[in-house]
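Note that the coordinates shown come from a computational prediction; the quantities given were computed from them, not determined experimentally.
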Amino acid sequence: MRATLRPAARATVHLLSTAATAFGTYLFVTVLLIAATGTVTGAGIWLLPETVLLIRRIAGAKRRSTASWTGREIPEAYRPVTGPLRERLRTAVRDPATRTDLRWLAAHYAYAWLTVLVLPLWPVGLVVDGVRGGLLGRPAVVLPLIVRLADLEAGWSAALLSPSPEALLSLRVDRLTTSRADAVAAHGAELRRIERDLHDGAQARLVALSLRIGLARRAYGADPEAARELLTDAQEQAEEALAELRHVVRAVHPPILTDRGLTGALRALAAGWGSSRPADARSGAGTGGGGGLRVSVRTDGFPDGPRPPAAVEAAAYFVVAEALTNAARHSGSDRAEVELTASPKGLGVRVRDEGCGGIDENAGSGVLGIRRRVAALDGTVRVTSPAGGPTLIEAELPCAW
C-alpha cells in the first residue's frame with residue numbers, strides 16, 4: 001500500500017500545481033481581452049509585447065512543472081522581444097513560439113479541468129485499495145489512476161508546448177546570425193592584434209636592423225672594429241626579429257598542431273606551462289622564469305586514428321591555452337587538468353583548476369574570446385566558477401570524424 005501511496009501523492013502534487021496554473025490562466029483571459037482591445041483600437045498597442053512576454057513566463061513555468069514530472073526537458077525557442085516598439089510588435093506577432101503558447105493556452109482551458117478528478121479518487125482509492133491490499137492482498141486499482149491522470153496531463157502539455165520545427169529553425173537562424181557576427185568581430189580583433197604585433201615588434205626590429213647595417217657599411221672603411229660591433233648588433237636584431245615573426249606565426253596557427261596533432265600540441269603546451277610562464281596563450285611560447293603551472297593532460301577518450309578538422313583542432317587548442325592563461329593569472333592555483341573526449345558528433349574539451357573561482361567574463365578573463373571562437377564553429381561553452389572554486393570550462397565542438 002505504501003508503494004502505491006507515494007506515486008499517487010506525487011501525482012497529486014503535480015495535478016494541484018496544474019490546477020493552480022489553470023486558475024491563473026482563467027484569470028489571464030481578462031488580460032488577453034484588454035490587450036486585444038488595445039491592439040485593435042491602437043490606444044494600448046504597447047500592451048501586446050508585454051502580454052506575449054507574460055504568456056512566455058506562464059508557459060515556461062508549465063514547461064518546468066511538466067519536465068519535473070516526466071524527467072524530460074521541454075526546450076524553448078523564443079525570439080528575444082527587444083528594441084523599439086515596432087520591432088517588439090513585429091517579433092511578438094511573427095514569432096512561431098507565440099502561436100505555440102497560444103495554442104497550449106487555449107487547450108489548457110479545456111483539459112485542465114481533469115485535475116478535479118483527483119478529489120473523488122482519493123477517498124474512493126483509500127477505501128477500495130485499502131481493502132484490496134490490506135485484506136485481500138491484491139494490487140491497487142484506484143490510486144494508480146491518479147498517476148495515469150498526471151501522465152495524461154503531462155503528455156498533452158509536453159506535446160503542446162514543444163516548439164514547432166519552424167520555431168526551432170527560426171531560433172537556429174538567429175543563433176547562426178549572432179555567431180557569425182561574433183566570428184567576424186573576433187576575426188577583426190585577431191587581424192588588429194597581428195598587425196599591432198608586426199608593427200610594434202618585427203617591423204621595429206627590422207628598421208633598427210637596417211639602420212645598423214647602414215652604419216656598419218659607412219664605418220667599414222674608416223673603423224672596421226666599430227663596423228664589426230654594429231654587424232654583431234645587427235645579427236642580434238635579426239634573430240630577435242625572427243623570434244617575433246615566429247611568435248606571430250604561432251599566434252595565427254601553431255605549427256605544432258600540424259606536426260604533432262592536437263594531443264601532442266596540448267602535451268607540449270602543458271610542459272611549457274610546467275617549466276615556464278608562456279608569453280602568449282595562443283602560441284604557448286615560453287619566456288623563461290619560474291612560477292610554472294603544473295598541467296596534467298588526459299586523452300583517454302580521444303582516438304589516435306582520424307584527426308578532427310584543422311579549424312576544430314585550432315579552436316580546441318585556443319580554448320585550452322586561454323583557460324590555462326586564465327588559471328595562471330587569476331585563479332591562484334598551481335595545478336590544472338586538461339581532458340579531451342570524443343563523441344560521434346564532436347570533440348569535448350575540459351579545463352579545470354582548483355583556484356579561487358568567481359570568473360567575471362567581462363573583466364578580461366578570456367572567456368568571452370573562448371565563447372566567440374567556439375560559437376564560430378557552432379559549438380557550446382559552459383563555465384562553472386563559483387566563488388572559492390573550482391573553475392571548470394567545458395567546450396563542445398561539433399565535427400565529423
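- Put simply, CZ on R72 and OG on S68 are 12.5 Å apart, with the number rounded to the nearest 0.5 Å.
- Sorted by first and then second residue, the salt bridge (charged side-chain N to carboxylate O under 4.0 Å, His left out) pairs with a member in residues 19-30 form an empty list; sequence neighbours excluded.
- Once rounded to the nearest 0.5 Å, the distance linking CG of L324 with CG of L269 reads 5.5 Å.
- No donor-acceptor distance shorter than 3.5 angstrom exists from the side chain of S385 to the backbone of T391, with no hydrogens or angles considered.
- Counting all heavy atoms, side chain and backbone alike, V312 lies closest to L397 at O-CD1, 3.8 Å.
- Looking at residues two or more places apart in sequence or on another chain, you find a side chain to side chain donor-acceptor pair (under 3.5 Å) between W104 and Y111.
- Counted by atom type alone, T299 and R267 present one or more donor-acceptor pairs between their side chains at under 3.5 Å.
- Judged by distance alone, the side chain of S210 and the main-chain N or O of L206 form no donor-acceptor pair under 3.5 Å.
- In terms of the salt bridge (charged side-chain N to carboxylate O under 4.0 Å, His left out) criterion, residue partners of R79 (sequence neighbours excluded) are, by chain and number, D174.
- Applying the salt bridge (charged side-chain N to carboxylate O under 4.0 Å, His left out) test to pairs two or more places apart or on separate chains, those with a residue in residues 152-161 are K62-E153.
- Under the ring-ring contact (aromatic ring centres under 6.0 Å, His included) criterion, Y109 pairs with Y26, not counting sequence neighbours.
- In this structure, the side-chain contact (heavy atoms from CB on, under 4.5 Å) partners of L121, at least two apart in sequence or on a different chain, are V142, L145, I146.
- Sorted by first and then second residue, the salt bridge (charged side-chain N to carboxylate O under 4.0 Å, His left out) pairs involving residues 379-398 (not counting sequence neighbours) are R350-E394, R382-E394.
- Separation of atoms SG (C399) and CG (L377) is listed at 9.5 Å; rounding is to 0.5 Å.
- Using a 4.5 Å heavy-atom threshold, the side chains of D101 and L161 count as touching.
- Pairs passing the ring pair (Phe, Tyr, Trp, His ring centres under 6.0 Å) check and including a residue from residues 50-82, sequence neighbours excluded, read H14-W69.
- If you take CZ on R57 and CG on L53, they are separated by 5.5 Å, rounding to the nearest 0.5 Å.
- Under a 4.0 Å N-O distance rule, the pair E313/R307 qualifies as a salt bridge.
- In terms of the side-chain contact (heavy atoms from CB on, under 4.5 Å) criterion, residue partners of P398 (sequence neighbours excluded) are, by chain and number, D378.
- Residues V93 and L48 form a side-chain contact, since some pair of their non-hydrogen atoms from C-beta on lies under 4.5 Å apart.
- Under 4.0 Å is where a charged nitrogen must lie from a carboxylate oxygen, and between R64 and E73 no such pair does.
- Across P75 and P163, no two heavy atoms sit closer than the pair O-CD, 3.2 Å.
- Note that the CG atom of L89 and the CZ atom of R94 stand 11.0 Å from one another [nearest 0.5 Å].
- Considering CG of L169 and OG of S164, their distance stands at 9.5 Å, rounded to 0.5 Å.
- The pair R56-D95 meets the salt-bridge criterion, with a side-chain N (NZ, NE, NH1 or NH2) lying under 4.0 Å from an Asp/Glu carboxylate O.
- Contact annotation: the side chain of L392 never approaches that of V351 to less than 4.5 Å [non-hydrogen atoms, C-beta and beyond].
- Heavy atoms only, all atoms of each residue included: A11 and V147 are closest at CB-CA, 3.8 Å.
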Verdict with supporting geometry, L117 and L149, side-chain contact (heavy atoms from CB on, under 4.5 Å): CA-CA 9 Å; L117 296 178; L149 185 63; 4.0 Å; yes
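- Closest approach of A159 and R103 over heavy atoms only: O-NH2, 4.3 Å.
- Every residue meeting the salt bridge (charged side-chain N to carboxylate O under 4.0 Å, His left out) condition with R99, not counting sequence neighbours, appears here in chain and number order: E166.
- A 6.0 Å sphere centred on CZ of R335 holds no more than 12 heavy atoms belonging to other residues, nucleotides or ligands.
- The stretch residues 369-388 participates, sequence neighbours left out, in no ring pair (Phe, Tyr, Trp, His ring centres under 6.0 Å) pair at all.
- Side-chain atoms of V338 and V295, non-hydrogen and from C-beta on, do get closer than 4.5 Å to each other.
- Between I393 and E322 the shortest side-chain heavy-atom distance does not fall below 4.5 Å.
- Ionic pairing of R218 and D223 is not present here: no N-O contact between side-chain nitrogen and carboxylate oxygen is shorter than 4.0 angstrom.
- Minimum heavy-atom separation, L160 to A107: CD1-CB, 3.5 Å.
- Taking each heavy atom of V367 and I359 in turn, the nearest pair found is CG2-CG2, 3.8 Å.
- A donor-acceptor pair under 3.5 Å is formed between the side chain of R371 and the backbone N or O of V381.
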Show me the donor-acceptor pairs, under 3.5 Å and distance only, between side chains in residues 228-243 and residues at least two apart or in other chains.
| from | atom 1 | to | atom 2 | distance (Å) |
| --- | --- | --- | --- | --- |
| R228 | NH1 | E225 | OE1 | 2.6 |
| T232 | OG1 | R228 | O | 2.9 |
| E240 | OE1 | R205 | NH1 | 2.5 |

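- The backbone N or O of L47 sits less than 3.5 Å from a side-chain atom of T51, completing a donor-acceptor pair.
- When side chains are defined from C-beta on, R63 counts as touching E76, because their heavy atoms get closer than 4.5 Å.
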